[in-house]
Amino acid sequence: MNDEIRSIAERALALMPKGAEEIVCRLGAEEGIRPASVHKLGRNILMMTDDGSLLLVADYAGVMADGFEGELFALSDGGVALYGARTGGNAAALRRHFHWCAPVPLRKGEGIPVFYDCDEAAFAVFEADSREGAVVASPLISDFAELDRACSRPASLFRFHLGGGECRNSGAGGAYAAVYAGKHFVLSGREDLFFSEETARFLGESYHGSLEFARKGYGVLRSRYGGAFDLGIVLPDGARAEDHLFVVRELRKRGVGFAMLQPGCEEEHRAVARAYGGYQLAKETDQ
């Protein structure tokens with residue numbers, strides 16, 4: 001704890017009787033404080049310092065907001081302060097005390113940032129006073145063990161990774177060939193897509209297992225979160241428009257709703273999305 005932080009905490013304590021608007025205005029102008037991060041919570045004032053740490057000041061120990069962790073130190077007139085790092089515990093406390101620090105669904109609006117770490121998202125939203133929140137995307141999920149791990153952390157966009165060689169089911173192709181082989185699918189703005197028997201069998205064998213996982217996994221998410229989440233679908237690298245169309249049709253047959261599909265920003269993928277609608281296309285990511 002350095003003298004600068006202690007001095008800021010003492011000035012914050014002196015402002016405690018003031019209204020929230022005045023506190024935000026005056027502390028936001030302080031050197032060493034990120035201006036938008038100043039918030040009053042009952043008889044507490046919270047803010048982020050320029051080094052990215054959390055500073056909490058309370059009238060006295062008995063009214064200090066619970067759940068926060070860090071170095072405690074006494075202030076004048078019985079006040080107390082806590083100086084904490086960007087830990088998972090402090091992020092969880094922010095989400096609990098400031099509901100808008102919790103992840104929001106992708107469909108809430110365009111331009112909302114996407115994070116791949118729920119704790120960093122909470123700190124970023126808090127210090128920017130971004131009341132629209134942030135989307136938190138899960139790691140890629142391809143089985144129920146990964147789904148269980150993803151559900152153990154706050155997230156609002158769960159990403160199912162479909163297809164891939166390990167999912168191949170050589171016995172599934174025939175049923176899909178009976179549905180797709182010889183069919184033309186007309187897309188706006190480009191030639192139609194034709195499915196040969198070979199293509200239909202290959203797609204059925206490649207995706208059947210993961211499509212069934214998506215159906216069951218979506219049911220798990222619905223039972224756990226109700227409608228307070230979005231689903232993203234991630235296709236294998238090199239996925240073609242035929243993969244895209246096939247997966248969209250088969251997911252909808254299974255009642256799986258999704259808000260995002262990735263990868264697929266080339267024109268052929270945009271044509272499929274325009275034809276079927278209701279979801280965003282996302283670029284490839286390393287996450």
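Please read these numbers as outputs of a predicted model, since none were measured by experiment.
Minimum interatomic distance between Tyr176 and Ala200 (heavy atoms only, all atoms of both residues): CB-O, 4.0 Å. The heavy-atom pair separating Ala121 from Ala134 by the smallest distance is CB-CB, 4.5 Å.
Lys40 places a side-chain N or O within donor-acceptor distance of the main-chain N or O of Lys18, the cut-off being under 3.5 Å. One N or O on the side chain of Ser156 and one on the backbone of Val104 form a donor-acceptor pair closer than 3.5 Å. For Arg254 (side chain) and Glu250 (main-chain N/O), a donor-acceptor pair under 3.5 Å exists by modelled atom type. With Arg86 contributing its side chain and Leu54 its backbone, the two residues share no donor-acceptor pair below 3.5 Å. Checking side-chain atoms of Arg95 against main-chain N and O of Cys101 turns up no donor-acceptor pair under 3.5 Å. In this structure, Arg11 contributes its side chain and Glu30 its backbone to no donor-acceptor pair below 3.5 Å. A donor-acceptor pair is defined here as one N or O able to donate and one able to accept, closer than 3.5 Å; no such pair exists between the side chain of Ser142 and the backbone of His161. Counting only distance, with no hydrogens or angles, the side chain of Asp192 and the backbone of His184 share no donor-acceptor pair below 3.5 Å. Judged by distance alone, with hydrogens and angles left aside, the side-chain atoms of Asp243 form a donor-acceptor pair with the main-chain N or O of Arg240 at under 3.5 Å. Remark: side-chain polar atoms of Arg224 are paired, donor with acceptor, to backbone N or O of Cys151 under 3.5 angstrom.
Between Phe213 and Phe144, the angle of the ring planes goes over 60°, which puts this pair in the perpendicular group of the 30/60° scheme. Ring geometry for Phe258 versus Tyr279: interplanar angle of 30 to 60°, hence tilted.
Asp230 contributes atom CG, which lies 11.0 Å from atom CG of Leu221 (distance to the nearest 0.5 angstrom).
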>> Let's go through Phe185 and Phe195 carefully: what are the C-alpha distance in whole Å and the side-chain angles of both, what is the deciding distance for ring-ring contact (aromatic ring centres under 6.0 Å, His included) to 0.1 Å, and is it a yes or a no?
In response: CA-CA 8 Å; Phe185 295 90; Phe195 279 66; 5.3 Å; yes
>> Is there a side chain to side chain contact (heavy atoms under 4.5 Å, CB included) between Glu69 and Asn90? Walk through the geometry before answering.
In response: CA-CA 6 Å; Glu69 57 192 23; Asn90 283 335; 3.5 Å; yes
> Should Met260 and Ile233 be marked as a side chain to side chain contact (heavy atoms under 4.5 Å, CB included) after you check the CA-CA gap, both sets of side-chain angles, and the distance that decides it?
Replying inline: CA-CA 6 Å; Met260 180 272 284; Ile233 300 300; over 6 Å; no
>> Does Gln262 form a side chain to side chain contact (heavy atoms under 4.5 Å, CB included) with Arg159? I'd like the steps, not just the answer.
In response: CA-CA 9 Å; Gln262 151 200 343; Arg159 299 184 301 152; 4.2 Å; yes
>> Is there a ring-ring contact (aromatic ring centres under 6.0 Å, His included) between Phe158 and Tyr218? Walk through the geometry before answering.
In response: CA-CA 9 Å; Phe158 292 87; Tyr218 183 69; over 10 Å; no
> Taking it one step at a time, do Leu46 and Leu55 satisfy side chain to side chain contact (heavy atoms under 4.5 Å, CB included)?
Replying inline: CA-CA 6 Å; Leu46 295 91; Leu55 178 61; over 6 Å; no
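Ion pairing between Glu197 and Arg201 holds under the 4.0 Å rule for side-chain N and carboxylate O. Checked for salt-bridge contact, Glu10 and Arg6 miss the test: no charged N lies under 4.0 Å from a carboxylate O.
A continuous path of Ile, Leu, Val, Met, Phe, Trp and Tyr side chains, each step under 4.5 Å between heavy atoms, connects Leu235 with Leu251, placing both in one hydrophobic cluster. One hydrophobic cluster, built from ILVMFWY side chains closer than 4.5 Å, holds both Met47 and Leu75. Linking ILVMFWY side-chain heavy atoms closer than 4.5 Å, directly or via other members, places Leu94 and Leu82 in a single hydrophobic cluster. The hydrophobic clustering, which links ILVMFWY residues whose side-chain heavy atoms are closer than 4.5 Å, places Val179 and Phe194 apart. Tyr225 is connected to Val256 through a chain of hydrophobic side-chain contacts under 4.5 Å among Ile, Leu, Val, Met, Phe, Trp and Tyr, so both are in one cluster.
Looking at heavy atoms from C-beta onward, Ile8 lies out of side-chain contact with Thr49 at the 4.5 angstrom threshold. Looking only at side-chain heavy atoms (C-beta outward), Arg34 and Asp50 come within less than 4.5 Å of each other. The closest side-chain heavy-atom distance from Ile141 to Arg149 is not below 4.5 Å. The shortest side-chain heavy-atom distance between Phe202 and Ser196 does not fall under the 4.5 Å cut-off.
Between His244 and the options Arg249, Glu268, His269, a side chain to side chain donor-acceptor pair (under 3.5 Å) holds for only His269.
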